[in-house]
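Comments concern the structure below.
Note on naming: letters A, B, ... go to the chains in the order of the sequence lines (proteins, then strands), and numbering restarts at 1 for each one.
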2 protein chains.
Amino acid sequence: METHMKKTDSEAFERPILTVDVVLLTIHEGRLQVALSKRGADPFKGREALVGGFIHVGEDRDAEACAARVLKEKAGLREVYIEQLATFSGADRDPRGWSASIAYIALVPFERLKPAVGEGVALVPVDETRGLPFDHDRILTEALRRVRGKGAYSTLPTQLLGKTFTMSALLEVYETVMGVRLDQSSFRRKFAELDLIEEAGEERKPGRRPATVYRLKGKVSTFDRKL
Amino acid sequence: METHMKKTDSEAFERPILTVDVVLLTIHEGRLQVALSKRGADPFKGREALVGGFIHVGEDRDAEACAARVLKEKAGLREVYIEQLATFSGADRDPRGWSASIAYIALVPFERLKPAVGEGVALVPVDETRGLPFDHDRILTEALRRVRGKGAYSTLPTQLLGKTFTMSALLEVYETVMGVRLDQSSFRRKFAELDLIEEAGEERKPGRRPATVYRLKGKVSTFDRKL
DNA sequence: CCAAAAGTGTTCTTCGTACACCCATGT
DNA sequence: ACATGGGTGTACGAAGAACACTTTTGG
């Protein structure tokens, strides 16, 4: 434990550990699931935990870039939707000492995550995780609160689908994320009125009426009206 | 620039600088103002900046405790409302190197901040600050976005008033924070219906009808309805 | 009686919710 | 023709916004 104390520099304090943790979420088999990876190093070695890692000062432009790098290295993902959740800190959360972890939420369609499942990450339904190391239980809880709360007021859940999707698929995702039933009719109307999506073709499945395929207009955005 | 590289420890990376910055807000002369303090040390020495400081690993239980300590040391404040905003990080935001700052928002009634004004902190209307050091302009912008956005859906703005207050005072604070005019009638009704405040006496001023004084019931809370 | 702030009531419109109904397809 | 999911229309109530009005005080 080095202390960095050089009396010539009045502000040379011991620097805490700084890491990034990512709550990587996807929907699989109709359930919201979180990607966990087995820890390879000492504290809690061998236990499943949120994907994360140390900031690489030389490599990462900022913490979000670090989160992106972690996702690429551990789950083979590129250009995933990422947003900062909060920073969790304290003297006790890591046995190695005072630490802070900048937590991010990432959403990805299952198809893109599939190759990594088994090869580095395991998928666990969010309501079946228990006893994660560090304060990862709390981080996950906060992430779910955010995602569920923001769901009804933003296009965030679209990030769990591919670039295009049908209305039914979209509805299903919103229902899964928020854990409630939504009225199909109102759902369609609101998405249309808010001008959030645009048509992008048709989907034909045997035995069914063809469905319009949509694409998100612009980036993930927030709005006032509730879905 | 020490590197902490001990080849025996596979995860001993260079630790970035970790600080806390507080966007301390109050209302004075009918305007939302932010407390700035003159920097005493080298990067940007002498310039006005958000109040902040290094994490003291031995002293601070966690980052929020660090923010509380900073508020006490620089503005003489205790038991102020604090909430985490976000963490701002990157290789370029601090000339000393890769750094992260955990930013907090603090709200305090002007009366409590008054003693410190001139003695350590300066008050500046939020729309008149420019060219703050580091990325403090951005932090302030984000803080304002949060406070304004959350305003209509929470009792957060009450923290800018003393323990008790009249409806008019409360209305004024909400209007100042959010920068809009609100209908007095609807405002009263909603606060009553949401059961957020309770009566706490009367206020008598010369030439005016006596006003009921209220007190917040419970902690700061969020709700669905808009004010 | 008047000014000024405190406090109440009413109306209009928007939006959330529920639900009934029609459409297009492959078998 | 019918089962299945795709898609539209309507009706009702709760909540937001605007505004008119009454009450209480000191001068």
Atom [atom1] of [X] and atom [atom2] of [N]: how far apart are they, to the nearest Å?
{"X": "A:E203", "N": "D:dG5", "atom1": "CD", "atom2": "P", "result": "13 Å"}
{"X": "A:F187", "N": "D:dT8", "atom1": "CZ", "atom2": "P", "result": "14 Å"}
{"X": "A:E202", "N": "D:dG6", "atom1": "CD", "atom2": "C1'", "result": "11 Å"}
{"X": "B:K190", "N": "D:dA14", "atom1": "NZ", "atom2": "P", "result": "16 Å"}
{"X": "B:R189", "N": "D:dA18", "atom1": "CZ", "atom2": "C1'", "result": "11 Å"}

Using a strict cut-off of less than 4.0 Å between a Lys/Arg side-chain nitrogen and an Asp/Glu carboxylate oxygen, indicate whether [X] and [Y] qualify as a salt bridge.
{"X": "B:D60", "Y": "B:R69", "value": "yes"}
{"X": "A:E142", "Y": "A:R146", "value": "no"}
{"X": "A:D127", "Y": "A:R31", "value": "yes"}
{"X": "B:D195", "Y": "B:K217", "value": "yes"}
{"X": "B:R204", "Y": "B:E202", "value": "yes"}
{"X": "B:R225", "Y": "B:E193", "value": "yes"}

For B:F110, check ring-ring contact (aromatic ring centres under 6.0 Å, His included) against everything at least two apart and list the hits.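 ring-ring contact (aromatic ring centres under 6.0 Å, His included) check on B:F110 returns B:H28.
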
Kindly write out the residues that satisfy ring-ring contact (aromatic ring centres under 6.0 Å, His included) with B:F44, not counting sequence neighbours, or none if the list is empty.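 Partners of B:F44 by the ring-ring contact (aromatic ring centres under 6.0 Å, His included) criterion, ordered by chain and then number, come out as B:F134.
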
Over all strands shown, is A:R188 touching base, sugar-phosphate only, or nothing at heavy-atom distances under 4.0 angstrom?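 Here A:R188 touches the bases of the nucleic acid.
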
Pairing donors with acceptors under 3.5 angstrom, does anything connect the side chains of [X] and [Y]?
{"X": "A:S154", "Y": "A:T222", "answer": "no"}
{"X": "B:D21", "Y": "B:S101", "answer": "yes"}
{"X": "A:Y81", "Y": "A:E83", "answer": "yes"}
{"X": "A:T164", "Y": "A:R215", "answer": "no"}

On DNA chain D, does the nearest nucleotide to B:E193 precede the nearest nucleotide to B:S185 from the 5' side, or the other way round? Give the residue.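 Closer to the 5' end of DNA chain D: B:E193.
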
Under 3.5 Å between N/O atoms: give me all the protein pairs with nucleotides 22-25 of chain D, atom names plus distance.
from, atom 1, to, atom 2, distance (Å)
D:dT23, O2, B:R209, NH1, 2.4
D:dT25, O2, B:G207, O, 3.3

If you only use heavy atoms from C-beta on, which nucleotide in D:dG9, D:dT8, D:dC19 is closest to the side chain of B:D183?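 So the nucleotide nearest the side chain must be D:dC19.
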
Are more than 12 heavy atoms from other residues, nucleotides or ligands located less than 6.0 Å from atom CD of B:E128?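 Yes - once you tally the heavy atoms of other residues, nucleotides and ligands closer than 6.0 Å, there are more than 12.
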
Taking only heavy atoms on the protein side, list every residue of residues 211-218 of chain A lying under 4.0 Å from any atom of DNA chain C, sorted numerically.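 Heavy-atom contacts with DNA chain C come from no residue of residues 211-218 of chain A; none.
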
What are the residues of residues 158-176 of chain A, sorted by number, that bring a heavy atom to within less than 4.0 Å of DNA chain C?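 Those residues whose heavy atoms fall under 4.0 Å from DNA chain C, taken from residues 158-176 of chain A, amount to none.
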
Would you say a side-chain N or O of B:R225 is under 4.0 Å from OP1 or OP2 of D:dG16?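 It does, given that an N or O in the side chain of B:R225 lies less than 4.0 Å from OP1 or OP2 of D:dG16.
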
Would you say the side chain of A:P210 lies within less than 4.5 Å of the side chain of A:E203, judging by non-hydrogen atoms?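 Counting from C-beta outward, A:E203 and A:P210 never come under 4.5 Å.
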
Contact boundaries on DNA chain C for chain A, cut-off under 4.0 Å to non-hydrogen atoms: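 Using the under 4.0 Å cut-off, the span is C:dC15 to C:dG26.
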
